Colleague: 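One structure, as C-alpha cells, below. Some questions next.
Lettering of chains follows the sequences in order, A, B, ..., and the numbering in each one begins at 1. Values below: every heavy atom of this structure, side chains too, minus hydrogens, waters and symmetry copies. What you are looking at is a predicted structure, and each value in this text was computed from that prediction instead of being measured.
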2 protein chains.
Amino acid sequence: MHFPPLGTPKDALDTPALCLDLPALDANIREVAALCRRHGVAWRPHSKAHKSPDIARRLIEAGAIGMTCAKLGEAEVFAAAGISDLLIANMIVGPRKIERLVALRRKADPIVCVDHLDQAEPISAAMHSAGLAVRVLIELDVGMSRVGVAPGEAALDLARRVSDLPGLQLAGLMAWEGHLLTIDDPADKAAKIESAIDRLTATRRLLESSGLPCNIVSCGGTGSLPLTVQQPEITEVQAGGVIFMDAFYRHRCRIEGFRHALTLLVTVVSRPAPDRAVIDAGRKAMFNDSHPALVVGRDDIQVDRLSAEHGQLKLAPAAQSLRIGERLELIPGYSDLTTVLHNQFYVLEEGKLVDIWPLAGRGRLE
Amino acid sequence: MHFPPLGTPKDALDTPALCLDLPALDANIREVAALCRRHGVAWRPHSKAHKSPDIARRLIEAGAIGMTCAKLGEAEVFAAAGISDLLIANMIVGPRKIERLVALRRKADPIVCVDHLDQAEPISAAMHSAGLAVRVLIELDVGMSRVGVAPGEAALDLARRVSDLPGLQLAGLMAWEGHLLTIDDPADKAAKIESAIDRLTATRRLLESSGLPCNIVSCGGTGSLPLTVQQPEITEVQAGGVIFMDAFYRHRCRIEGFRHALTLLVTVVSRPAPDRAVIDAGRKAMFNDSHPALVVGRDDIQVDRLSAEHGQLKLAPAAQSLRIGERLELIPGYSDLTTVLHNQFYVLEEGKLVDIWPLAGRGRLE
C-alpha cells in the first residue's frame, strides 16, 4: 500500500480515512493529566482503543505512569516499544500464554490480574521456576457481573493466598464500574459510582488491616473519569478512550471538556433517493451500535443504517443537494471498536498530514 | 509476533485463534463449484469475508472465474497476487481512487459498478486519457433500498449513457437481494427472491432488445445461493461466505449441505459464577449480532453477552463443571465481520496446523 506523503491536505486523503487531529489529541491528553494531578491520582491509560506505541509514548511524556492493555499480545507490542509498566487488565490463562508472560517479564514489568487461584497458581509456578516474580492485582466485581471476585472477605482470602505464592507479588486491587457509565441522572450516576468504588476501597482497607500490601487501587474508565478521579482512596485511573472523545462518551456518558480528536473521513458514493446518500464506510470502517456516528458541522445529516461495506445517511431537506463525490467527516459512535478496523491513524495538524501511526497492537488478540 | 510451527496440534494453539478446517473448506468449495456447473452459472465468489490471496487461488483452481471484491484496496491485493478478473462491487468515487483504478487496470481486468452517471463520467475521462477501457456493470436496486438505479427504463437510460462514454465497456448488470435472506417460510423466500431476480433479468432483456451488450448478469449471495443459482437468465453468482458456513447462514438463512469450516478457538479465563464462564474473546474477536456464536459439541453452553475483550457464556447445569483453562471451539455468528478482526487464519488438517494464511486485504478500506 502506498501512503500519501506528509504534507498532503486532509481534503486529498483517500477515504475512508481514520484521522487524528493532533492539537485536539494533545489538548485532551494535557487535560486528563492535569485532572489526575489535581486529584493526586496516577493515570495508567487503557491502550485498547489506540494500540499505538506512538500514542503511548505521547501519553507517558505527558505524565502517564504506564499503560493498561487488554491483551498480552498488546503488552508485548508496547514492551517492544520500550514501555515497561504494563497492566494487562485481563486474565492470563494457558501454558503458551504463561510462557510468553515469563518472556515479557524478562524485559518489562507487567502486572496481571486474577479473580481465582486457578489463574494465579500456574503463573506462580512458571515465574518461580524462572527465578522471576510478577505483580498481581485482584480483580473485584463491583456490580458489573462479568469477571471478578466478590469484594470483602472473598477478595481478602484470594489476596492472602496469592501473597503466599512464590513468583507473585501482590500489588493491589482492580475493579471496573463499566455498568454505570450511561446512567442519565447525574446525581444517581455519581451516587452509584461512589457506592461501587466504596466496595473497592473498603476491600483495600480490609487487605491493609490484615497486613497485606495494596499499593495499587485501579479503576475508572472514560465514562466515569470525572467521578472516579475524585474517590479518595484509589491510586490510579485507566481512562483511555477519553483522548479521542467519541459520540458515546460525549453524549451517552455526558463527559465534557474534551475535543473530538478522532474522526473518519468518508465520501458520498451513491445518491439513490432524495433523502438517502450512501458513503464508502460501513460496519467494517466504524462501530455505531453504542451511539450513531455524528457528521461534523451537519445537523441535517444522520448516519442511519450500516451494512458491512456501505453506510446509509438520512438527509433532511436542507442536505438534499449533497452530491456524489462530496466528502464528510464523522465522529465515530464508539472509538474503541472503530479504530481496530483500521491499519493506521492519519495524523493531521492545521488540515495537513503530519504523521501516520500504525495500530501496531491491532489484531494481537492472543 | 512469533507464529507456531507447522505441525502444532490444534490443542496447543494460543487463543483466541481463527481456525480453518482445510478438508471442510475444500469440500465446501467443491460443493459450490459443482452446484454452479450443474446450473450453468459462473461463480465469482465474494472475497470480503476472507480477504486472502491463498483462498482466492484455491477458489480459482476449483473453477471460480474471478473474485468479487468489496473495495478497490482489496482488488489491488488480489491483483498483486496474480488474479485479474476482479469485480469491485462498490462505487469508485474520487480523484485519488480513480488514479488507483487506472493503475489497477494496467495490470488486471477489473469491473466497476455504477448507479449514476456522476460515478461513470470521471472514470470514463481518466480511462480514456490513459488509453484504457474498463468494464462497467449497472447496479440495480431490486428492493433492498441501499444503492442501485431502478430496474427498467431508468437502468436502460443509464446503460445507454455509459455505453456512449469512451473508456468504459458496458458489461452488464448487477443486483443484490440482501434484504430477502432471512425470510422464514421457504416458499415465501423463494417467491420473493425469484421476483427480485425477475426485475434484474427483465432489465437484461430490455438492454439486449435495445441493442446494448449485457454479457454479465450478477447477483446471489450465500443466503440465497440455492435459489439464485436456479434463475435461468443470470450468468454468475457472488456467494463467498458459503465456503466458511457460519451460524447466520446455516440457521437464519437455512442454507444446508455445507460444513462449518471456520471456527474460533477460545479459552475459559474466569468462572465468576456457577452458571457463568468468561472466555478470552469478545467483540474484538467475533461478530455475533446477526446470530450468536455456537459452541461446537456443547448444547449446554450458550454464548451470551460480548464486551470488547471478554465473552460471557451461560452454562446449563450439565456444563457447570467447566474450569478455568478449558478450551472451547466456537462457530462464529457471522463470518464476514469476524474474520476482519483477525490477522491470520490458522489452517488445520486432522487436528494439526498445516498453514497460516494472512488476511492480506484486511483493513484495506480505502
Colleague: For B/T15, is it the side chain, the backbone, both, or neither that has a heavy atom closer than 4.5 Å to a heavy atom of chain A?
Modeller: both
Colleague: Going by the rule side-chain hydrogen bond (donor to acceptor under 3.5 Å, both in side chains), which residues pair with A/T222 if we only count those two or more places apart in sequence or in a different chain?
Modeller: none
Colleague: Can you measure from CD (B/E366) to CG (A/L265) and round to the nearest 0.5 angstrom?
Modeller: 12.5 Å
Colleague: Begin from the C-alpha positions of A/V93 and B/D280 and carry the test side chain to side chain contact (heavy atoms under 4.5 Å, CB included) through to its verdict.
Modeller: CA-CA 9 Å; A/V93 173; B/D280 56 353; over 6 Å; no
Colleague: Below 4.5 Å from any heavy atom of chain A, which atoms of B/V278 appear? Answer side chain, backbone, both or neither.
Modeller: side chain
Colleague: Which atom pair, heavy atoms only, marks the closest approach of B/V147 to A/P272?
Modeller: CA-CG, 4.1 Å
Colleague: Pick one of side chain, backbone, both or neither for B/V268, based on which atoms fall under 4.5 Å of a heavy atom in chain A.
Modeller: backbone
Colleague: Assess whether atom CZ of A/R161 is packed by more than 12 heavy atoms of other residues, nucleotides or ligands within 6.0 Å.
Modeller: no
Colleague: Salt bridge or not for A/D336 and B/R283, using N-O below 4.0 Å?
Modeller: no
Colleague: For a side chain to side chain contact (heavy atoms under 4.5 Å, CB included) check, start with the C-alpha distance between B/K284 and A/K71, then their side-chain angles and the critical distance, and finish with the verdict.
Modeller: CA-CA 11 Å; B/K284 286 189 187 169; A/K71 295 281 183 159; over 6 Å; no
Colleague: For side chain to side chain donor-acceptor pair (under 3.5 Å), just list the numbers for A/N343 and B/R362, CA-CA rounded to whole Å, side-chain angles, deciding distance to a tenth of an Å, and then say yes or no.
Modeller: CA-CA 8 Å; A/N343 287 339; B/R362 199 215 72 79; 2.3 Å; yes
Colleague: Show the numbers, then the answer: is there a side chain to side chain contact (heavy atoms under 4.5 Å, CB included) between B/S145 and A/R276?
Modeller: CA-CA 9 Å; B/S145 300; A/R276 186 166 81 244; 4.0 Å; yes
Colleague: Is it true that B/R271 and A/D118 make a salt bridge, defined as a side-chain N closer than 4.0 Å to a carboxylate O?
Modeller: no
Colleague: How many angstroms lie between CZ in A/R96 and NE2 in B/H2, if you round to the nearest 0.5 Å?
Modeller: 8.0 Å
Colleague: Just by modelled atom types, is the A/V269 backbone N or O under 3.5 Å from a matching donor or acceptor in the B/Q119 side chain?
Modeller: yes
Colleague: Please classify the contact of B/F287 with chain A as side chain, backbone, both or neither, using a heavy-atom distance under 4.5 Å.
Modeller: side chain
Colleague: Pick whichever of A/V340, A/L359, A/D141, A/T267 has the most heavy-atom pairs under 4.5 Å with chain B.
Modeller: A/V340
Colleague: So which of A/D14, A/D115, A/L341, A/V114 has the biggest tally of heavy-atom pairs under 4.5 Å with chain B?
Modeller: A/D14
Colleague: Counting heavy-atom pairs under 4.5 Å with chain B, which one of A/I92, A/D289, A/N90 comes out on top?
Modeller: A/N90
Colleague: Of the listed residues (B/R327, B/E309, B/E139, B/H310), which shares the most heavy-atom pairs with chain A below a 4.5 Å separation?
Modeller: B/H310
Colleague: Of the backbone (N, CA, C, O) and the side chain (C-beta and beyond), which part of B/H342 lies under 4.5 Å from a heavy atom of chain A, both, or neither?
Modeller: both
Colleague: For chain B, which of A/R146, A/M91, A/R323 has the most heavy-atom pairs under 4.5 Å?
Modeller: A/R146
Colleague: For B/A308 versus A/K48, what's the shortest heavy-atom pair and its separation?
Modeller: CB-NZ, 4.2 Å
Colleague: Taking every heavy-atom pair that is under 4.5 Å apart, which of B/A17, B/G73, B/S270, B/G363 has the most such pairs with chain A?
Modeller: B/S270
Colleague: Given a strict heavy-atom distance threshold of 4.5 Å, which part of B/E76 is in contact with chain A: side chain, backbone, both, or neither?
Modeller: neither
